[in-house]
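Only one structure is covered here, and it is reproduced in the block below.
Bear in mind that the values here come from a model prediction, so they are computed numbers and not experimental data. Start at 1 with the first residue, then count along the sequence.
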Amino acid sequence: MATPRGGIPQPQPPIPCEANPQDLRALGEALLARGDEVMHRIQERTEDTSASMEASVQESFERIGHNSTAAVARWIAGEDLSVTQDASNETSKIFGELAAHRAAPLHEVTRRQYVWRDAMGEVLHECAATLGSPPEALAQALFLLQLSMEFAHLRVCKSFERERQKTDEALTRREEELAFLATHDPLTGLPNRTLILARAEQMLARASRRNAPVAALFIDLDNFKTINDTLGHGVGDELLQSVTSRLKGVVREADALGRLGGDEFVVIAEELELATGPELVAERLLAALKPPFRLGENEETTLTISASIGIAAGVRSSASVLLRDADIAMYRAKWDGRNRFAVFESGMQDSVQSRMELEQDLREALEREEFLLAYQPTFDLSDMRPTGVEALIRWRHPERGLVQPDAFIPLLEETGLITEVGRWVLEEACRQGASWHAAGHPVSIAVNVSGRQLDSDDLIHDIERALEASGLPAASLTIEITETTLMRNVGETARRLVEIKALGVRIAIDDFGTGYSSLAHLQQFPVDALKIDRSFITGLRENKEGETLIHTLVQLGKALSIETFAEGIEEQQELSLLQAEDCDAGQGFLFAKPLDPESAGAFLAGWPGPQTAAHTAPAANGSSSNGTERTAPVPGARDGAGALGA
């Protein structure tokens with residue numbers, strides 16, 4: 001027998017014997033014709049194991065049986081040896097894979113081979129008896145059958161070993177992958193919390209021996225959730241990968257950079273100058289994030305992002321404590337305005353705990369119906385008649401009392417609760433406005449909208465639902481947006497405002513003059529009113545520059561056919577100057593403080609009608625000029641606007 005390159009001897013034609021080729025051909029053809037009978041006998045003898053096997057495995061066995069029977073029968077009939085090669089290769093490959101992958105036990109694979117051989121031998125004997133074949137022809141046919149089975153068995157063993165090695169290698173790779181995933185972030189490839197804590201423990205141990213400080217820098221991307229919500233998680237993931245690349249370019253090889261989850265990263269550094277070293281690292285990290293990120297296959301998306309960084313340095317009892325303190329300092333950086341770093345100090349933990357408790361109370365406030373709306377009347381400055389009210393949110397907590405807007409609205413923004421609470425404000429303000437309309441007071445209702453709300457098309461649907469549910473005419477609702485919010489994403493903001501305007505709702509720019517909008521920008525938005533920020537109104541009589549600015553802003557509004565509205569009017573002189581400049585409307589303590597719904601309704605019902613300003617403007621305490629009480633101010637309320645009317 002010849003031995004090929006693969007190392008397995010190939011079956012060669014047997015040493016010629018006295019068997020007549022015609023007799024062999026007859027036997028081979030008879031065997032081929034009874035191939036189905038061979039398969040039937042195999043099935044009968046393997047019923048005990050076939051029932052427990054998957055259908056795909058059983059189909060593989062049957063295919064092998066058919067192919068092998070036909071190939072060997074044709075070989076016996078005198079065809080070239082090559083007819084067995086394809087069947088033999090396929091048989092060995094399939095049998096080897098089944099055994100190596102444990103789809104079928106190796107002993108079952110071997111047993112099937114012998115069952116097939118025995119069934120073939122029986123049918124050959126029957127064919128020889130039927131044909132009256134000479135004994136030497138039958139012997140030669142059985143010899144070829146046995147030879148075929150033995151070499152197929154050798155190939156199965158080789159194939160099994162090859163497949164087993166492949167499986168073992170695949171398992172090894174998978175184990176390595178799982179080990180990596182257990183200690184690394186799959187998105188960025190950075191060490192995860194588990195590995196970072198382990199490395200930090202090692203650094204702390206070295207620091208203790210060498211008396212050298214260790215610092216942890218806790219990095220949290222600012223407003224990352226907004227990017228995920230507006231641009232999608234695909235863009236968010238790409239941004240995280242780009243951020244990782246920039247951070248890697250800043251930290252030293254000896255430092256440990258990791259991703260703790262979400263938009264949180266951490267740098268653990270050792271052998272730094274304790275006084276200034278960590279701060280210098282933080283400055284480099286912030287600087288690395290300043291250039292715009294260009295994302296997408298064609299860099300079609302441009303994003304600018306910042307981060308808040310908390311620093312904890314020095315000796316700590318454990319890595320967990322070190323990271324905890326850095327995390328606390330990071331929250332301080334966020335509360336101080338973001339895009340900055342803060343160094344952990346004693347006492348910060350109590351501050352963070354108080355903040356966390358406030359956040360938890362805030363999350364439950366809407367469900368517990370602790371929010372309420374106050375309404376501050378607005379006036380037409382030409383005839384001093386009330387034309388509407390601005391809805392301002394307040395929070396009355398059962399233990400904290402009346403919480404000032406400045407204390408909780410930034411937290412609503414930061415946590416994302418502003419969207420849900422803003423939806424409630426819209427619904428409640430529209431409901432109250434419709435109630436006043438039904439009572440004969442067709443005033444307009446102004447509702448402040450936050451940047452988070454304006455980042456989503458959900459705002460459009462929220463406005464539609466609030467109007468439909470309340471029955472308030474769309475023209476009686478004004479949506480107020482701060483100038484800063486307006487400029488966050490000019491293109492998308494303009495599109496959403498156009499859709500809101502199409503509902504019939506009015507749009508006003510709040511705190512105008514404090515942002516960076518230009519005349520060109522203003523013309524992109526469907527704006528009905530400019531609300532001049534109170535900082536330009538206060539002390540107007542003594543501030544000639546302020547008077548000039550008011551003149552400019554009012555003239556700008558008239559040039560654009562936009563109503564001008566003054567916020568925070570508190571003195572008669574301020575009112576007189578605004579009227580002289582022909583400012584259209586205003587609000588302030590000079591007329592009325594924010595009122596609860598019942599008092600606001602009474603205020604509207606009791607207003608005497610159009611008169612001159614000098615005779616009708618109530619005093620700042622909420623009384624009319626003749627001393628008659630008209631208002632019941634909400635305790636602690638201030639004239640103001642901003643997100644939800646701070």
Handout entry: Heavy-atom pair of closest approach, residues Leu323 and Arg193
Key = CD2-NH1, 4.3 Å
Problem - Polar contact flag, side-chain donor to acceptor under 3.5 angstrom, His397-Glu370 - result: no
Handout entry: side chain to side chain contact (heavy atoms under 4.5 Å, CB included) involving Arg324 - partner list, sequence neighbours excluded
Key = Val321, Ile328, Gln349
Handout entry: Those residues that, when tested against Glu499, pass salt bridge (Lys or Arg N to Asp or Glu O under 4.0 Å) (two or more places apart)
Key = Arg495
Practice task
If the plane angle is over 60° it's perpendicular, under 30° parallel, otherwise tilted; pick one for Phe371 and Trp424.
Solution key: tilted
Exercise for the section: Verify the neighbour count for atom CZ of Arg400: are there more than 12 heavy atoms of other residues, nucleotides or ligands below 6.0 Å? Expected result: yes
Problem - Short side-chain donor-acceptor distance under 3.5 Å, Gln376 and Gln587 - result: yes
Practice task
Flag yes if more than 12 heavy atoms outside Gln555 fall under 6.0 Å of its CD atom; otherwise flag no.
Solution key: yes
Practice task
Using side chain to side chain contact (heavy atoms under 4.5 Å, CB included) as the criterion, list what pairs up with Arg431, not counting sequence neighbours.
Solution key: Glu428
Exercise for the section: Can you establish whether the number of heavy atoms outside Glu369 located under 6.0 Å from its atom CD is more than 12? Expected result: no
Handout entry: For His437 against Val443, the heavy-atom pair lying closest together
Key = NE2-O, 2.8 Å
Practice task
Assign the ring pair Phe379 / Phe591 to parallel, tilted or perpendicular, where the plane angle (0 to 90°) is split at 30° and 60°.
Solution key: tilted
Exercise for the section: State whether the number of non-hydrogen atoms from other residues, nucleotides or ligands found under 6.0 Å of Lys558 atom NZ is greater than 12. Expected result: yes
Run the side-chain donor-acceptor check on residues 461-470: report pairs under 3.5 Å with partners two or more places apart or on a different chain.
from: Asp462; atom 1: OD1; to: Arg423; atom 2: NE; distance (Å): 3.1
from: Asp462; atom 1: OD1; to: Arg465; atom 2: NH2; distance (Å): 2.6
from: Asp462; atom 1: OD2; to: Arg423; atom 2: NE; distance (Å): 3.2
from: Ser470; atom 1: OG; to: Ala466; atom 2: O; distance (Å): 2.8
from: Ser470; atom 1: OG; to: Leu467; atom 2: O; distance (Å): 3.4
from: Ser470; atom 1: OG; to: Leu472; atom 2: N; distance (Å): 3.2

Practice task
Flag the pair Thr478 / Asp528 as yes when at least one side-chain heavy-atom distance between them is below 4.5 Å, and no otherwise.
Solution key: no
Fill in the blank from the handout: For Arg394 and Ala374 the tightest heavy-atom approach is CG-CB, 4.3 Å
Problem - For Glu364, salt bridge (Lys or Arg N to Asp or Glu O under 4.0 Å) partners two or more places apart - result: Arg368
Show me, pair by pair, the donor-acceptor contacts under 3.5 angstrom made by side chains of residues 559-566, not counting sequence neighbours?
from: Glu563; atom 1: OE1; to: Arg506; atom 2: NH2; distance (Å): 2.8
from: Thr564; atom 1: OG1; to: Asp584; atom 2: N; distance (Å): 3.4
from: Thr564; atom 1: OG1; to: Asp584; atom 2: OD2; distance (Å): 3.2

